4 protein chains.
Amino acid sequence: MAARPTRPALRDRYDRRRDELVRNAARAFARRGYDQTTMQELAATMDLATGALYHYFPGKERLLIAICDQLMEPLLARASEIGEQEASPRERLRAVVRLWVAHVVEHRDHMLVFQQERHQIESGEEWRGVRAARKTFERLVGDLLERADPADDARLRLLALLGMVNHTAQWYRPRGALSPRQIADGYLDLVLRTG
Amino acid sequence: MAARPTRPALRDRYDRRRDELVRNAARAFARRGYDQTTMQELAATMDLATGALYHYFPGKERLLIAICDQLMEPLLARASEIGEQEASPRERLRAVVRLWVAHVVEHRDHMLVFQQERHQIESGEEWRGVRAARKTFERLVGDLLERADPADDARLRLLALLGMVNHTAQWYRPRGALSPRQIADGYLDLVLRTG
Amino acid sequence: MAARPTRPALRDRYDRRRDELVRNAARAFARRGYDQTTMQELAATMDLATGALYHYFPGKERLLIAICDQLMEPLLARASEIGEQEASPRERLRAVVRLWVAHVVEHRDHMLVFQQERHQIESGEEWRGVRAARKTFERLVGDLLERADPADDARLRLLALLGMVNHTAQWYRPRGALSPRQIADGYLDLVLRTG
Amino acid sequence: MAARPTRPALRDRYDRRRDELVRNAARAFARRGYDQTTMQELAATMDLATGALYHYFPGKERLLIAICDQLMEPLLARASEIGEQEASPRERLRAVVRLWVAHVVEHRDHMLVFQQERHQIESGEEWRGVRAARKTFERLVGDLLERADPADDARLRLLALLGMVNHTAQWYRPRGALSPRQIADGYLDLVLRTG
DNA sequence: TATGAATGAGCCTTCATTCAT
DNA sequence: CATGAATGAAGGCTCATTCAT
C-alpha cells in the first residue's frame, strides 16, 4: 500500500478520495454482502482499476474496518461532546439519541454492514478498536439513561433502546412519514417512563 | 440429492438427522459467518463426509434457507394459534411476545444468522417463502399491538418492538439476570403506555 | 461384483439382463456422452438401485467395454463366416458390407459411443481386445476389397469405405428414404470401379 | 473473464495467445478426451496459472466451442470464396474438397474433438453457431456435388463424401504415402462416376 | 499513483464406488 | 441379488492479492 501523502494538498485529496471509497464500499457491502462483493466489483463501481484499491487499503478486511470507523468515530466524538455539556442528564440523553438516530439513518449502509458482519467484529485483534468504540458509546448512553431515569430495569431499557435505534437502519426510508428527530423522540417516550 | 425416504421409520430418522444438521449449521454460521464457513468444515463438525451433506440439502444456500425455516415455521404456527384465541388483544399480545422472546433466546444462532444474511434474504426467488413468513409474523404482532393499545404512533412502537426483541439474540445469555419471560414483560411495559 | 451364476436358468436370466443393461447404457452414452452420464442416472433409467449395476459390471469403464463388445463380437463372428464362404470375393464383399451397414444402423448408439470414446479405446490395457477386434474386422474387409477389385489405391478405398459406413450411424434414420441394403449397395458402387 | 483489450497492440497479443491456447486445448482434448482433461492440466501444459485460462474463456465449454470455431470459420470462409468463383461446378468441387482435406489433416485434433463431442454440439443453445456452420458447409458441398454430377443418389454420395473426408482425421499421418491433395483427388474419383 | 493481467490457493459440488442391511 | 446412504477424492471456477509496466 502506498503511504498516505504528507504534502497537505495531496493528503487532503487522498483523504477525500478514501472517504468516498469507504462510502461506496459500504453501499456495496450492504447490498450484496461483504463476502459476496469482490474487490474487482468494488473497483469497477468506483471507476478504479483493481489494484488501485490497494493504494488506499492494505486488504479487504481493512476496508471493512474503515467502514466501521467512518460510522463510529464521528458519532462517538459528537456524543462525547454532548455528554460533557452542562445540561441535565435527560436533556443530554435526548440530544444524544437524536444525534444517534440521525447518524443511523444517514449511515444506513454502514449500519447494515456493521450488523451483518457482527461475527467478524467480535473476534480478531484488528477489530479491537471497533469493539472499544461500540462499548464506549453504549456505556455513554447507558450512563445518561441511568441518570436521566433511575430504575430497576435500567439495563433492559438500555438494551431495548440499542435494539430499536439500530433496527432503524432496516426500515427507515428518506421521505418517510417520520423524521429522524420524531423517531428519536418516539423512542425516548418509550424508554423514559416518568414524564 | 437423495430423496427424502418414504418409509415412515426411515423418514423419521432422516427428518431428525436433517433437523440436527440445520441446528449445527446455524451455530457454525452464527460464529464464523455464512460465507466463511465451508461445507467441509460443516461436514466435519457433524461427523459426516463432505458429500453426505448433499443428501439433505441440494446446496449451501438451501441449508441457509432451512435455518430460516426452522426459525420461522414453529414461531409462526404457535403465534397464529395464539392470535386466534379468545382472550383480549392485550393478553394475546403478551402471550405472543413471551413466546417470541423465548423463541429468540432459544434460537439465538438462527436469529443471528437471520440478521447477518439479511441481504440474501431480501433478494432472490428462493427466499420468497422466508420473506413472506417474516411479513406475516410482523403483521400479526402489529395487529395485536394496534388493538391492544391504539395510538398515533402504533407503527413506530411496532418497529421499536421488533428492534428490541430481535436484538435480544445479541446480548441474551442463559443464566443471566433476566428470564425470557421477564424480558418479554419488560418490553411490553415499554411499548404499552396505558397501564 | 457378484459372479455370473453357474446354474443355467439363473445364468440365462443374468445374461439377458446384462445385455439389456448394456443396450440401455449405449443409448444413454450416445445421448449425453460417457463422462457426463452418471452411474446413478444409468441405474435410475434401468429401474435399478445404484449399487446393483456393480453386480453386472465391476466399474464404469467395463460397462463401456461391454458396449464395444456387444457391437463388435456378433459383427466379427458373422463377417468371419461370410469371409470363409465359397462365393467370389466380390459376392462375399457385398455380403459383408450389407451385414456391416445393417449392423451399424441397428447399433447406432453403440457406434456413436464407439466413435466418441475413440481416445479411451486407443490406449489402455483393458482395451486391447476391442482394438484387436476392430483391426481384425478392418483387415477382413480390406482383404476382400483387395481381391474383389485389385487397384493401386486399394488402401485409400478401404479407408473411404470405413469412413462412409461408420459415418452412417450419424445420419441414418429408420423409415428414411434408403434401406440399409440400398445404402450398402450404394457404397459398393462407389468403391468398386470396375464392373 | 477479463475483456478483450481494445488497444491494437494488446489486442493482437491477446488474440494470438488465445488462438495458441485453443490449439493446445484441441491437442489435449483429442488425446485424453474433453471431460478427462482438467483445466489445471491444460493450464500447466500451456505454462499458465489455472485462473489465467479464465481470462480467455469464461468456462471450459466455451473453450470447446472456440475449438470448433477455429476449425469451422476459416474453412467456411475459404470454401465460400471458392463456391462463388467462376469455374465450372466440377472444378469448384475439386477445389473445395482439396481445401477441405487439407484443412482436416491440418486440424486433425480439432476434427477428432469435433467428432468426439458430437453429443454436446448437437444440443444446447450455445452450440447453435457451430451447428449452423456445419450445416452451411455441408450444403455448400452438396450443391456443388449435385451440379457437378447430377444423379439419383446424390444425397448418398454427399453423405459418403462427408464420411470419408471426416474419417481422414483418424488415419492420416504426416509423411504418409499420400498427400492431402492425392487423398482429395482419390475421394473425388470415387464420388464422381462420370468422366 | 494507476493499471489490469496474472497468480494460485481454496471452495462448492459431483460422482464412482462401497457396504451394512 | 438388491438397496441406497455414505464416502471422499477431484474438478471447475472464483477472487484477494501482487507486480511489471
Side-chain angles (χ1 to χ4, degrees), chain A residues 1-3 5 10 13-14 17 35-44 47-63, chain B residues 1-3 5 7 10 13-14 17 35-44 47-61 63, chain C residues 1-5 10 13-14 17 35-44 47-61 63, chain D residues 1-3 5 7 10 13-14 17 35-44 47-61 63:
Chain A
M1 190 175 76
L10 293 180
R13 205 159 65 87
Y14 178 95
R17 191 101 160 101
D35 284 289
Q36 307 198 10
T37 307
T38 71
M39 291 297 269
Q40 7 267 337
E41 276 175 341
L42 281 181
D47 271 318
L48 226 51
T50 313
L53 278 178
Y54 289 83
H55 288 297
Y56 296 93
F57 311 96
K60 199 183 184 188
E61 195 176 10
R62 287 303 259 286
L63 179 48
Chain B
M1 192 177 72
R7 253 183 303 165
L10 293 180
R13 208 160 62 87
Y14 177 94
R17 193 109 163 89
D35 285 289
Q36 308 200 6
T37 307
T38 71
M39 290 297 268
Q40 9 269 334
E41 276 176 344
L42 279 182
D47 268 317
L48 227 53
T50 315
L53 277 178
Y54 291 82
H55 286 294
Y56 297 92
F57 311 96
K60 199 184 185 187
E61 194 176 9
L63 177 49
Chain C
M1 189 176 75
R4 180 162 174 260
L10 293 180
R13 206 160 64 86
Y14 177 95
R17 193 104 160 98
D35 285 288
Q36 309 200 7
T37 308
T38 71
M39 291 297 270
Q40 7 266 339
E41 276 176 340
L42 280 181
D47 270 319
L48 226 53
T50 314
L53 277 179
Y54 289 81
H55 288 297
Y56 296 93
F57 310 96
K60 199 183 183 187
E61 194 176 10
L63 179 48
Chain D
M1 193 178 71
R7 252 182 305 163
L10 294 180
R13 208 160 63 86
Y14 177 94
R17 193 109 163 91
D35 285 289
Q36 308 200 8
T37 306
T38 71
M39 290 297 268
Q40 9 269 333
E41 276 175 345
L42 278 183
D47 269 317
L48 228 52
T50 314
L53 278 178
Y54 292 83
H55 285 295
Y56 296 93
F57 311 96
K60 200 184 183 187
E61 194 176 9
L63 178 49

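These numbers were taken from a predicted model, which means no experiment stands behind them. Every chain is numbered from 1 and lettered A, B, ... according to where its sequence line falls, protein lines coming before strand lines. Only heavy atoms go into these numbers, but all of them, side chains included; no hydrogens, no water, no symmetry mates.
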Of all the choices, dA5(F), dT14(F), dA2(F), which nucleotide is nearest to the side chain of Tyr54(D) once you look at every atom?
-> dT14(F)
About how many Å separate CZ of Arg17(A) and OH of Tyr56(A), when rounded to the nearest 0.5 Å?
-> 5.0 Å
Candidate nucleotides dA6(E), dA2(F), dA6(F), ranked by approach to the side chain of His55(C) - the nearest = dA2(F)
Side-chain touch Met39(C)/Tyr54(C), heavy atoms, less than 4.5 angstrom = yes
Expressed in angstrom and rounded to an integer, what is the separation of Leu63(B) atom CG from dT13(E) atom C1'?
-> 14 Å
Given that both distances must come in under 3.5 Å, which nucleotide forms a Watson-Crick or G-U wobble pair with dG4(F)?
-> dC19(E)
Among dC12(E), dT7(E), dT3(E), the nucleotide that comes nearest once only the side chain of Met39(B) is considered = dC12(E)
Measure from CG on Leu53(C) to P on dT18(E) and round the result to the nearest Å.
-> 13 Å
Return the 5'-most residue of the pair Thr37(C), Lys60(B) with respect to DNA chain E, ranking by each residue's nearest nucleotide.
-> Lys60(B)
Report the residue (Ala52(B) or Gly51(D)) whose heavy-atom-nearest nucleotide on DNA chain F is the more 5′ of the two.
-> Ala52(B)
Let me know, please, whether Arg13(D) or Glu41(B) comes out on the 5' side of the other along DNA chain E by nearest nucleotide.
-> Arg13(D)
Mind checking the C1' distance from dT1(E) to dT21(F)? Whole angstroms is fine.
-> 13 Å
The reported gap from NE2 in His55(A) to CG in Leu48(A) (rounded to nearest 0.5 angstrom) is 8.5 Å
Interatomic distance, Arg17(C) CZ vs dC1(F) P [rounded to whole Å] | 10 Å
Please determine, for the side chain of Gln40(C), which listed nucleotide (dC15(E), dC13(F), dC1(F)) has the closest atom?
-> dC15(E)
Between P of dA5(F) and OH of Tyr14(B), the distance in whole Å | 8 Å
Give the rounded distance in Å between these two atoms: CZ of Phe57(B) and P of dA5(F).
-> 15 Å
Looking at the side chain of Tyr56(D), which of dA6(F), dA6(E), dG11(F) is the nearest nucleotide?
-> dA6(E)
Check whether any side-chain heavy atom of Leu42(C) lies under 4.5 Å from a side-chain heavy atom of Leu63(C), and answer yes or no.
-> yes
Rounded off to whole Å, could you give me the CG-to-C1' distance for the Leu42(C) and dT17(E) pair?
-> 14 Å
Considering non-hydrogen atoms only, spot the tightest contact between Thr50(C) and Ala43(C) and give its length.
-> CA-CB, 3.7 Å
In whole Å, what is the span from the CG atom of Asp35(D) to the P atom of dA10(F)?
-> 17 Å
Which whole-number value in Å describes the distance from Arg4(C) CZ to dC1(F) C1'?
-> 16 Å
Closest to side chain of Leu48(C), choosing from dT3(F), dG4(E), dA5(E) | dT3(F)
Ignoring the backbone of Thr50(D), work out which of dA6(F), dG8(E), dA16(F) is nearest its side chain.
-> dG8(E)
